[in-house]
Amino acid sequence: MENPLLLFPQLNISASKDKAYYKKSVIKEEPHKASKAGAKQKRNRLSLLLQKPEFHEGDHLGKSGSLTKSASVSPEEAVKWGESFDKLLSEKAGLDAFTKFLKSEFSEENIEFWIACEDYKKSRSAHELLPKAKTIYETFIQKDAPKEVNLDFHTKEATSRSMGQPARGTFEAAQSTVYRLMEQDSYPRFLRSAPYLGLLQGRAPARAPLRRRSRSFTVNDFKGARPDPALW
């Protein structure tokens, strides 16, 4: 019997086209896999930076949505949180409670940036500074960053220029700006929130209501402003 490829030469052509198509498919998939791997690596790097003990130790931010376990925070301790914003952030339970509150307002990027800067300043060697600085910059400061914080033009430019040779004070100005925004905007609302008022009265805090911000606040909104104690 004659060779079927001689009788039907199109079979051989078809086979070569299939092989060529298969090779193209493999080549097209490789960049996609590479981009997925790169994105996964970046997410892992950010996760390692942000998942600090202060977020998990004691698990005060449980799945129930409470600001903190009622047994772990006394009314006397909650009263101290109202003395100053610095006092609130300096205590483990206070930082946890405020972080939970910001998550309910979809603005947790501010406290996460502040915590990342605190961790950055504790770096013991210049070798640690560069990768941490790169992660913080790409996550919170550069244009269209996944958790971009609100900074004025001059602060952002100064921070960007210092990225060439990061130092311990690289994010000092940016951190101070974000701290001031939280102190003058989010902190007074936290002190008026139902969960915090419940802690003052010794009650287990109810789930904080979720709400979206109508707009993003800017540094100019708070120039010269001071928290009004009468509103607390």
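What's counted below: heavy atoms across the whole structure, side chains too, no hydrogens, waters or symmetry copies. Index from 1, following the sequence. Note that the coordinates shown come from a computational prediction; the quantities given were computed from them, not determined experimentally.
Between Phe101 and Ser193 there is a side-chain heavy-atom pair separated by less than 4.5 Å. For the pair Leu151/Ile141, a side-chain contact is recorded, criterion being any heavy-atom separation below 4.5 Å from C-beta on. Side-chain contact between Phe171 and Met163 is present, with heavy atoms from C-beta onward closer than 4.5 Å. Under the 4.5 Å side-chain criterion, counting only non-hydrogen atoms from C-beta, Ser186 is in contact with Leu102. For the pair Leu95 and Ile111, the minimum side-chain heavy-atom distance is below 4.5 Å.
For Phe85, the ring-ring contact (aromatic ring centres under 6.0 Å, His included) partners at least two apart in sequence or on another chain are Phe98, Tyr179, Tyr187. Qualifying salt bridge (Lys or Arg N to Asp or Glu O under 4.0 Å) partners for Glu118, counting only residues two or more places apart in sequence or in other chains: Lys121. Under the side-chain contact (heavy atoms from CB on, under 4.5 Å) criterion, Ala173 pairs with Thr155, not counting sequence neighbours. Here Ala145 pairs with Gln142, Glu148 under the side-chain contact (heavy atoms from CB on, under 4.5 Å) rule; sequence neighbours left out. Ser176 is linked by a side-chain hydrogen bond (donor to acceptor under 3.5 Å, both in side chains) to nothing, counting only residues two or more places apart in sequence or in another chain.
Considering every non-hydrogen atom in both Pro188 and Asp185, the closest pair reads CD-O, 3.4 Å. The two atoms that bring Leu191 and Gly82 nearest to each other are CD2-CA, 3.9 Å, heavy atoms only. Across all their heavy atoms, Val149 and Asn110 have their closest contact at CG1-OD1, 3.8 Å.
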Report, one line per pair, each donor and acceptor closer than 3.5 Å where one atom sits in a side chain of residues 123-131; sequence neighbours left out.
residue : atom : partner : partner atom : Å
Ser123  : OG   : Tyr120  : O            : 2.8
Ser123  : OG   : Lys132  : NZ           : 3.4

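Test Glu112, Glu109, Glu138 against Lys147 for side chain to side chain donor-acceptor pair (under 3.5 Å) and you get one pass: Glu112.
With rounding to the nearest 0.5 Å, the separation of OG in Ser162 from CD in Glu172 is 11.0 Å. Once rounded to the nearest 0.5 Å, the distance linking OG1 of Thr159 with CD1 of Ile136 reads 11.0 Å.
Atom CD of Glu108 has more than 12 heavy atoms from other residues, nucleotides or ligands within 6.0 Å. For CD of Glu77, the number of neighbouring non-hydrogen atoms (other residues, nucleotides, ligands) closer than 6.0 Å is greater than 12.
In this structure a side-chain-to-backbone donor-acceptor pair under 3.5 Å is present from Tyr196 to Ala78.
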I would like to know whether Asp96 and Lys100 meet salt bridge (charged side-chain N to carboxylate O under 4.0 Å, His left out); could you show each step before the answer? CA-CA 6 Å; Asp96 286 347; Lys100 186 65 178 181; over 6 Å; no

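Asp152 has no carboxylate O lying under 4.0 Å from a charged side-chain N of Lys156, or vice versa, which leaves the two without a salt bridge.
Under the 3.5 Å distance criterion, with hydrogens and angles disregarded, a donor-acceptor pair is assigned to the side chains of Ser160 and Tyr137.
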